[in-house]
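What follows is a short report on a single structure.
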Amino acid sequence: MRLEKAFYLGDDVVQIARDLLGKYLYTNFDGSITAGIITETEAYAGITDKASHAYGDRRTLRTEIMYREGGIAYVYLCYGMYSLFNVVTNINGIPHAVLIRGIHPVEGLEKMKERYSQRKQNNYSVDGPGKLSKALGIHYSHSGIDLQGNQIWIEEKGVTVNQENIFVSKRIGVEYAKEDALLPYRFVLGNYEL
DNA sequence: CGGCCGATCCACT
DNA sequence: GTGGATCGGCCGA
């Protein structure tokens with residue numbers, strides 16, 4: 001079952017980040033479907049969050065995507081070579097987003113491998129926001145696309161997530177955000193049952 | 001227009 | 001543990 005629009009419109013981005021664990025992230029690019037179970041997320045809480053690109057109500061061509069109604073992708077280029085995939089949440093005008101940091105591949109493994117063909121080591125792990133975007137064929141040019149469409153979408157497929165198996169921590173790589181860097185907005189899924 | 005820097009990853013010591 | 005790759009976005013002038 002594809003997640004309905006309402007899932008993305010909630011105003012608690014931290015809870016949504018937690019709820020996305022165990023969901024299936026699908027893509028359909030260049031003729032192939034690839035998918036993975038979401039295992040790691042981070043919440044970015046808009047204009048009051050110093051780690052967010054929208055901190056201080058910074059409206060630019062790039063961040064404008066996050067201000068739109070929830071249920072679309074926000075993808076941006078990081079360190080000049082990595083596309084990082086986020087899910088936009090909340091109503092129009094509030095720039096909340098959830099960064100997907102890790103997945104467990106479940107479908108289209110050969111295609112993912114192909115996208116990694118230039119890598120020297122045979123390591124198909126997709127723990128890491130840059131790596132999973134590459135494996136799934138997500139590019140920063142895809143920023144703004146609708147998650148109800150046929151290119152990127154998320155499904156609930158009955159994975160049982162026990163709250164005790166969710167590890168909570170501060171977010172990665174946001175030291176510049178000072179005190180907000182310490183917020184417990186990162187969620188990692190340990191064991192789960194299909 | 002110039003310059004700085006990043007929600008990363010990999011190779012190498 | 002460390003540094004290089006690599007470039008769009010953002011800011012200040």
Side-chain angles (χ1 to χ4, degrees), chain A residues 8 12-21 23 25 27 34 36 38-68 70 72-90 94-105 112-145 147 152 154 166-189:
Chain A
Y8 303 104
D12 188 345
V13 68
V14 177
Q15 184 63 42
I16 293 174
R18 180 185 276 270
D19 290 343
L20 280 170
L21 294 176
K23 302 293 192 286
L25 174 59
T27 64
T34 49
I38 296 171
T39 56
E40 182 177 347
T41 62
E42 283 179 359
Y44 285 83
I47 66 174
T48 60
D49 181 355
K50 291 181 178 174
S52 171
H53 294 159
Y55 173 64
D57 200 18
R58 174 161 40 202
R59 284 178 177 268
T60 68
L61 203 58
R62 180 176 69 151
T63 66
E64 182 273 333
I65 300 293
M66 273 196 289
Y67 283 84
R68 295 196 206 163
I72 63 175
Y74 170 55
V75 191
Y76 75 96
L77 182 68
C78 189
Y79 293 103
M81 57 187 103
Y82 300 109
S83 290
L84 271 53
F85 172 72
N86 300 250
V87 174
V88 174
T89 71
N90 216 313
I94 301 183
H96 285 181
V98 176
L99 171 66
I100 307 301
R101 289 191 58 89
I103 61 170
H104 175 72
M112 294 190 200
K113 192 184 295 184
E114 178 187 322
R115 288 173 174 140
Y116 265 75
S117 59
Q118 72 273 28
R119 292 191 65 193
K120 292 176 182 176
Q121 299 178 359
N122 284 342
N123 176 7
Y124 307 122
S125 156
V126 283
D127 288 326
K131 289 191 285 187
L132 78 85
S133 289
K134 183 165 187 64
L136 295 173
I138 298 173
H139 185 261
Y140 63 87
S141 63
H142 296 134
S143 196
I145 74 172
L147 299 181
I152 308 176
I154 300 175
I166 296 178
F167 172 75
V168 183
S169 78
K170 65 181 182 181
R171 293 169 293 185
I172 304 295
V174 295
E175 301 313 312
Y176 61 87
K178 301 190 176 177
E179 72 274 13
D180 286 350
L182 302 176
L183 293 169
Y185 283 4
R186 173 172 174 252
F187 302 96
V188 181
L189 180 58

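Chain A is the first sequence line, chain B the second, and so forth, proteins listed ahead of strands; every chain is numbered from 1.
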At under 4.0 Å, does any side-chain N or O of [X] touch on OP1 or OP2 of [N]?
X	N	answer
A:Arg101	B:dT8	yes
A:Thr60	C:dC10	yes
A:Tyr176	B:dA7	yes
A:Arg62	C:dG8	no
A:Arg58	C:dC11	yes

*Looking across every strand, which nucleic acid part, if any, lies under 4.0 Å from A:Leu84 by heavy atom: base, sugar-phosphate, or nothing?*
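Counting heavy atoms under 4.0 Å across all strands, the contact made by A:Leu84 is with sugar-phosphate only.
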*asked:* What's A:Thr41 touching, base or sugar-phosphate or nothing? Going by heavy atoms closer than 4.0 Å.
replied: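 No contact at all - A:Thr41 keeps every heavy atom at 4.0 Å or more from the nucleic acid.
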Between [N] atom [atom2] and [X] atom [atom1], what is the distance in whole Å?
X	N	atom1	atom2	result
A:His53	B:dG6	NE2	C1'	7 Å
A:Leu77	C:dC10	CG	C1'	14 Å
A:Tyr79	C:dA5	OH	C1'	12 Å
A:Tyr55	B:dG6	OH	P	16 Å
A:Tyr74	B:dG6	OH	P	15 Å
A:Glu64	C:dG8	CD	P	20 Å
A:Tyr76	C:dC10	OH	P	11 Å
A:Leu99	B:dT8	CG	P	8 Å

*asked:* If you define the side chain from C-beta out and look only at heavy atoms, does anything of A:Leu183 sit under 4.5 Å from A:Arg171?
replied: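 Result yes, sub-4.5 Å side-chain heavy-atom pair found.
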*Measuring from A:Leu136:CG to A:Met112:CE, what's the distance to the nearest 0.5 Å?*
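The CE atom of A:Met112 is 5.0 Å from CG of A:Leu136, to the nearest 0.5 Å.
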*Are A:Asp57 and A:Tyr67 linked by a side-chain donor-acceptor pair shorter than 3.5 Å?*
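Short answer, yes.
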*Kindly point out which of C:dC10, C:dC7, B:dC10 is positioned nearest to the side chain of A:Lys131?*
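Of the candidates, B:dC10 comes closest.
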Partner nucleotide, any strand, of [N] [Watson-Crick/G-U, under 3.5 Å]:
N	value
B:dC12	C:dG1
C:dA13	none
C:dC7	B:dG6

*Under 30°, 30 to 60°, or over 60°: which ring-plane class applies to A:His142 and A:His139, parallel, tilted or perpendicular?*
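Because their plane-to-plane angle is over 60°, the rings of A:His142 and A:His139 count as perpendicular.
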*If we take the C1' atom in both C:dG3 and B:dC5, what is their distance in whole Å?*
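Comparing C1' positions in C:dG3 and B:dC5 gives a spacing of 16 Å.
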_Comparing A:Tyr140 and A:Tyr82 on DNA chain C - which has the more 5′ nearest nucleotide_ =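 Closest to the 5' end, via its nearest nucleotide, is A:Tyr82.
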*Flag yes if more than 12 heavy atoms outside A:Tyr8 fall under 6.0 Å of its OH atom; otherwise flag no.*
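Result for OH/A:Tyr8: enclosed.
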*Any donor-acceptor pair under 3.5 Å from A:Arg101 side chain to A:Pro129 backbone*: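 Not confirmed, A:Arg101 side chain does not pair with A:Pro129 backbone.
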